[in-house]
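Only one structure is covered here, and it is reproduced in the block below.
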Amino acid sequence: MSSTAATVLLAAPLALASVALIAIFEPGSKPRRVLLAARLTSLVLLAAAVAATIDVALHGAVTSPLLGFAGIGLSVRLDAVSVTMLTLVAFIGAIIVQFSRNYLDGDPRQGVFIGRLCLTLATVILMVIAGNLAQFVLFWIATSFALHGLLVFYPERRKAQIAARKKFIFARVGDVSIVIAAILLASAFATTDIATLLARAQTAAASGAIPGSVGIAALLIALAALLKSAQFPTHGWLVEVMETPTPVSALLHAGIINAGGFLVVRFADVMLLAPPSMLVLAIVGGFTALFASVVMMTQTNVKGALAWSTLAQMGFMLLESGLGLFALTMLHIVAHSLYKAHAFLSAGSVVENARASWVPSAARPGAARAVMALVVALTLYLAASWMFGVFNQPSVQALVLGSIFAMALAMYLAQAGIGGLSLGSALSMMLVAAVTTTAFVALHVGATEWLGVVLPSPPPVDPISLAVMLIALALFGAVWVMQLVAPSRLESRRWRAARVHLANGLYVNAACDRLIGALALPSTKTVRNQP
């Protein structure tokens, strides 16, 4: 694809945004033209995304000419990172648009909802494919405002208003951070073109001549990513947005919440110039992942557990970024988005799914069984890593995160083995574990090959980053032990007391509510029937 032809890709998200204009004339129930336009434009966008991905795979990266002046305007950057995100968002967007047609069927404001949904998708796409800093910042901010309109779609719902208010405040702080960071980067590298900027960052890293303002810009990017991903202690709004229609929850948890991780990956070369910014991401992200994982264990409703799961995944994703595993971060974004979209859109079938699913035993596996499961899981991971040549270029960061993966696999093995297994069941369990481990390592290697042309390799490990990794590994190990022990302690008085506090997130969110004046919001007087 030529640089000029890449400009044509701008037509797809702009057409999607035009659905919002059509919705002005058909805002009510069963808006025929709105529904038709939404379906067609979302499918065209998906087709364009697939075509762009194939073209980048065959011919390499390309940046379209700028439609603007003085470095400000619209341009398209197509490389392995942007087309991966483009295809992911287009795919999930097409599914959510179709799901919304049925979910909102009969709602008196169905046309308004579809219009807002398409506008939000368009802003996300224009951010993902941005070829210059001005466009990236503009649609980073626009995405937040567009999402706000979906979060308060039912304005009479008090909880939705509280969640939206908190997100609005944190998002504005993030917006200021990304604006200042963009200005500093444009000044330091004398360009607003993202591809040129990243190339000059690589040159600066090689020569050691790093402009002083880059460190500040990287810290501001880290702050914007943490706020966008709802990291502790700004996480409360993410676990409270369940008052919105299910398609909004799916779009948020499977798509927009990943923008923080994408921001770090997009400017990975800049982030590596400022190690303190990487440490901030690793520390805050790792703590959030641990905190959310523990709280998730105490949730009693499906959507609440899914929300805390998303928070934990975002924290782990930023931990990966903070350790310099940018390709793994992108793989995590794709896998989490696909899983969470399915989880939210199928949440209504939870009872049927639960009946057909394996449920872990409440009994506690013995220490010997748990240790054996961990040894088996680590052996499988090391064997798969050796098979795919991971040890040819060993990475301490990858081994640490691989060990955390092995803990998760060991949990499955330990729980599944309670009560004894027949030979056939044991072989089946080992086969599942082996296939899962092989798939994880193979996908990581594949993502590194696909994205390695664009993304930098993990940085060398210094004493501080090594200490952070070892502490994270120890804390994840403590949570692993807690998950093994907790089911057998459900009737313990101390565990029941702790469970109450954990279920409320240790009241951090309540303190945030007071801080922003959420308690002063009026109570709900009328509630529209949710479809």
Side-chain angles (χ1 to χ4, degrees), residues 81-82 84-85 88-89 92 124 127-128 140 143 170 174 218 221-232 234-235 238-239 251-268 271-272 277-296 306-341 343-344 395 397-398 400-405 407-408 440 443-444 447-448 450-451 454-456 458-459 465 468-469 472-473 475-476 479:
V81 170
S82 63
T84 298
M85 287 297 297
L88 176 65
V89 175
I92 292 177
V124 175
M127 177 189 71
V128 165
W140 172 277
T143 296
F170 296 137
I221 289 175
L223 175 60
L226 293 170
L227 290 170
K228 197 75 166 183
S229 300
Q231 297 298 279
F232 184 92
T234 66
H235 61 277
L238 180 62
V239 298
L251 176 64
L252 171 61
H253 288 262
I256 296 176
I257 196 66
N258 294 306
F262 171 71
L263 171 66
V264 176
V265 172
R266 178 75 287 178
F267 295 99
M271 302 302 292
L272 288 181
S277 66
M278 303 287 284
L279 284 176
V280 169
L281 289 172
I283 293 171
V284 178
F287 178 81
T288 302
L290 289 165
F291 172 73
S293 297
V294 174
V295 175
M296 182 182 66
L306 286 174
W308 283 101
S309 168
T310 296
L311 183 59
Q313 294 293 334
M314 293 303 104
F316 198 76
M317 190 181 297
L318 292 180
L319 171 62
E320 294 165 344
S321 296
L323 297 179
L325 297 171
F326 301 111
L328 185 60
T329 301
M330 282 296 297
L331 175 61
H332 196 159
I333 289 175
V334 173
H336 175 261
S337 295
L338 295 175
Y339 159 70
K340 203 53 64 76
F344 270 99
S395 165
Q397 297 95 320
V400 168
L401 291 181
S403 299
I404 296 174
F405 165 81
M407 291 181 195
F440 170 77
L443 288 171
H444 185 192
T448 302
W450 166 241
L451 300 167
V454 181
L455 298 178
S465 59
V468 170
M469 284 186 281
L473 188 60
L475 291 175
F476 273 100
V479 172

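Quantities reported herein were computed from a predicted structural model and do not represent experimental measurements.
Side-chain atoms of Gln397 come within 3.5 Å of backbone N or O of Pro459 as a donor-acceptor pair.
Taking all atoms of both residues into account, the shortest heavy-atom contact from Ser229 to Leu311 is O-CD1, 4.2 Å. Heavy-atom minimum distance, Ser309 versus Lys340: OG-NZ, 3.4 Å. Here the shortest heavy-atom pairing between Ser337 and Ala254 reads OG-O, 2.7 Å. Nearest heavy atom pair, residue Val264 against residue Ser321, reads CG1-CB, 3.7 Å. In terms of heavy atoms, Tyr339 sits closest to Leu306 at OH-CD2, 4.0 Å. Taking each heavy atom of Val81 and Met330 in turn, the nearest pair found is O-CE, 3.9 Å.
Taking the six-membered ring for Trp and thresholds of 30 and 60 degrees, Phe405 and Phe440 have nearly parallel ring planes, at less than 30 degrees apart.
A side chain to side chain contact (heavy atoms under 4.5 Å, CB included) with Leu281 holds for exactly one of Leu319, Leu323, Leu226; it is Leu226. Under the side chain to side chain donor-acceptor pair (under 3.5 Å) rule, Gln313 has a single partner from His253, His332, His336, which is His332.
With sequence neighbours excluded, the residues satisfying side chain to side chain contact (heavy atoms under 4.5 Å, CB included) with Val468 are Leu279, Ala282, Ile283.
Taking 4.5 Å as the limit, some side-chain heavy atom of Val334 sits within range of a side-chain heavy atom of Thr84.
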